[in-house]
Structures are given as C-alpha cells and as structure tokens.
Asker: 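Got a structure for you, written out below as structure tokens; questions coming shortly.
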Amino acid sequence: MEILLDTSIYLAVCLNEASKPRIVELTSGATLVSPKSVHWEMGNALSGMIKKGRLSLLQAKACIAAYERIPVRFVDIELGATLQLAYTHRMWAYDGYVLQSALSLSLPLLTLDKPQSKIAEKVGVQLFERLA
C-alpha cells in the first residue's frame with residue numbers, strides 16, 4: 001500500500017509531537033510517497049520555527065536527521081497542473097504540490113493540515129485517515 005504524506009506528517013514525527021504514535025501505526029508497512037518539494041518545505045518550516053524562537057538550531061538539525069532516515073519515494077511535481085489547482089482553490093503552491101501528486105498518482109493523503117484536508121476532499125483526493 002502507498003500513502004502520500006505532506007510535510008505536516010514528517011514534522012509531527014521528527015519533532016515527537018503527540019500525533020507521532022498514531023502516524024507511525026498508520027504508516028507501518030506502507031510505502032511512503034511525497035512530492036520532492038517536501039525537502040524545501042521542511043527547511044522552510046524549520047527555519048520559521050527557529051526564527052520564532054520555538055525551536056533551536058540543534059533541534060532543527062535533529063529533526064532533519066530523523067527526516068532523512070525515513071524511507072520515502074519522492075515524485076516529480078506537475079507544475080502547470082499545480083498552478084491551476086493553487087489558483088482555483090487559492091492555496092499555496094506547497095499545498096498544491098501535495099494535492100496534485102495525490103491526484104495524479106491516485107494515492108490517499110495523510111495530513112495534519114485542516115485547510116488542506118478540506119480542499120483535498122473538494123478535489124477528490126481520498127484522505128487516508130482524518131487526523132486534521
């Protein structure tokens with residue numbers, strides 16, 4: 001079984017958030033898939049947490065080290081289709097990359113992002129489980 005994951009899932013696991021045990025349980029034995037943009041979104045999210053004083057550089061580096069140990073199949077992004085999706089639903093490109101990847105690969109999405117979950121349902125992306 002393949003599951004498409006967004007950045008919120010990797011952050012929750014790597015930062016040991018309360019949702020981590022459930023995420024690990026849900027994804028155990030599955031092939032994890034994400035758009036390549038997750039790398040840059042991880043960096044953006046972690047640098048934002050550092051900037052706001054919610055995370056130290058050492059904690060962010062530990063998060064990245066944990067993230068890099070997760071076996072993931074990274075997929076290319078369809079920029080044109082993503083741009084249309086982002087325009088239609090007034091969302092950030094990073095969210096569009098995830099949703100377009102789920103659509104084009106016909107994979108269920110696992111996310112902790114409530115707004116993204118709502119748009120996913122509107123565009124026909126199946127949620128693996130409602131965590132958000």
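The chain is numbered in sequence order, starting from 1. Keep in mind the model is a prediction, meaning the values are calculated, not measured.
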Asker: What are the two closest non-hydrogen atoms of Leu55 and Leu46, and how far apart are they?
Answerer: CD2-CD2, 3.5 Å
Asker: Does the side chain of Leu32 reach to within under 4.5 Å of the side chain of Arg73, using non-hydrogen atoms?
Answerer: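 Not touching, per the 4.5 Å side-chain cut-off.
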Asker: For the hydrophobic clusters of this structure (ILVMFWY residues joined by side-chain heavy atoms under 4.5 Å, transitively), does one cluster hold both Leu4 and Met91?
Answerer: yes
Asker: Mind listing the closest non-hydrogen atom pair of Ala120 and Leu109 along with its distance?
Answerer: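 The pair with the smallest heavy-atom distance is CB-CD2, 4.1 Å.
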Asker: For Ala65, is there any backbone N or O sitting under 3.5 Å from a side-chain donor or acceptor partner on Arg69?
Answerer: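 Flag set: sc Arg69 to bb Ala65 pair under 3.5 Å.
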Asker: Taking Leu127 as the starting point, is it possible to reach Val33 by hopping between hydrophobic residues whose side chains are less than 4.5 Å apart?
Answerer: yes
Asker: Looking only at the side chains, is there a donor atom on one of Gln84 and Thr88 sitting less than 3.5 Å from an acceptor on the other?
Answerer: yes
Asker: Backbone N or O of Ala30 within a donor-acceptor pair of the Thr27 side chain at under 3.5 Å?
Answerer: no
Asker: Please report the interatomic distance CD(Gln100) to CG(Asp95), rounded to the nearest 0.5 Å.
Answerer: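 Gln100 CD to Asp95 CG: 13.0 Å, rounded to 0.5 Å.
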Asker: Using distance alone, with no hydrogens and no angle criterion, decide if Ser8 and Asp113 have a side-chain donor and acceptor under 3.5 Å apart.
Answerer: no
Asker: Rounded to the nearest 0.5 Å, how far apart are NZ of Lys61 and CG of Leu57?
Answerer: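 Taking NZ in Lys61 and CG in Leu57, the distance rounds to 4.5 Å.
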Asker: Looking only at heavy atoms, what is the nearest atom pair of Leu5 and Pro35, with distance?
Answerer: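 Here Leu5 and Pro35 meet closest at O-CD, 4.3 Å.
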Asker: What's the spacing between Ser117 OG and Lys122 NZ if we round to 0.5 Å?
Answerer: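 One finds 12.0 Å between OG of Ser117 and NZ of Lys122.
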Asker: Are Leu11 and Met49 close enough that some pair of their side-chain heavy atoms sits under 4.5 Å apart?
Answerer: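 Counting from C-beta outward, Leu11 and Met49 do come under 4.5 Å.
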Asker: Indicate yes or no: at least one non-hydrogen side-chain atom of Pro108 is less than 4.5 angstrom from one of Glu2.
Answerer: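 No. Closest side-chain heavy atoms not under 4.5 Å.
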Asker: What residues form a ring pair (Phe, Tyr, Trp, His ring centres under 6.0 Å) with His39, not counting sequence neighbours?
Answerer: Tyr67, Phe74
Asker: Of all heavy-atom pairs between Leu112 and Ala12, which one has the smallest distance, and what is that distance?
Answerer: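 Scanning both residues, the minimum pair turns out to be CD1-CB, 3.5 Å.
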Asker: Could you tell me whether the side chain of Ser28 and the main chain of Val24 form a donor-acceptor pair under 3.5 Å?
Answerer: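 Such a contact is absent between Ser28 side chain and Val24 backbone.
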Asker: List, by chain and then residue number, the residues other than Tyr94 in its hydrophobic cluster (Ile/Leu/Val/Met/Phe/Trp/Tyr, side-chain heavy atoms under 4.5 Å); write none if there are no others.
Answerer: Trp40, Ile77, Leu79, Tyr97
Asker: Test of understanding: clusters of I, L, V, M, F, W, Y form through side-chain heavy atoms closer than 4.5 Å, transitively. Do Ile119 and Val125 belong to the same one?
Answerer: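 Yes: a chain of side-chain contacts under 4.5 Å links Ile119 to Val125.
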Asker: Donor-acceptor pair, distance only, cut-off 3.5 Å: does the side chain of Ser47 make one with the backbone of Asn44?
Answerer: yes
Asker: Step by step, work out the salt bridge (Lys or Arg N to Asp or Glu O under 4.0 Å) result for Glu17 and Lys20.
Answerer: CA-CA 6 Å; Glu17 293 180 2; Lys20 179 181 177 174; over 6 Å; no
Asker: Nearest 0.5 angstrom please: Leu58 CG to Cys63 SG, how far?
Answerer: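 Those atoms lie 12.0 Å apart.
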Asker: Which heavy atom of Thr82 sits nearest a heavy atom of Gly96, and at what distance?
Answerer: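 That closest heavy-atom pairing would be CG2-C, 3.5 Å.
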Asker: We want to know whether Glu41 and Thr7 form a side-chain donor-acceptor pair, criterion being a heavy-atom distance below 3.5 angstrom.
Answerer: yes
Asker: Report yes if some heavy atom in the side chain of Val98 is under 4.5 Å from a heavy atom in the side chain of Gln116; otherwise report no.
Answerer: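 Yes, close enough: below the 4.5 Å cut-off.
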Asker: Please answer: with hydrophobic residues joined when any side-chain heavy atoms are less than 4.5 Å apart, are Leu99 and Val75 in the same cluster?
Answerer: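 Looking at the clustering, Val75 is in the same group as Leu99.
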Asker: Mind checking the OG-CD1 spacing from Ser19 to Ile9? Nearest 0.5 Å is all I need.
Answerer: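 Ser19 OG to Ile9 CD1: 6.5 Å, rounded to 0.5 Å.
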Asker: Is the shortest heavy-atom distance from the side chain of Leu110 to the side chain of Leu26 under 4.5 Å?
Answerer: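 They are in contact (side-chain heavy atoms under 4.5 Å apart), so the answer is yes.
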Asker: Hey, does Val38 have a side-chain heavy atom less than 4.5 Å from the side chain of Tyr10?
Answerer: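 With C-beta onward as the side chain, the pair touches.
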Asker: Closest approach of Val123 and Leu103, non-hydrogen atoms and distance?
Answerer: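 The answer is O-CD2, 3.5 Å.
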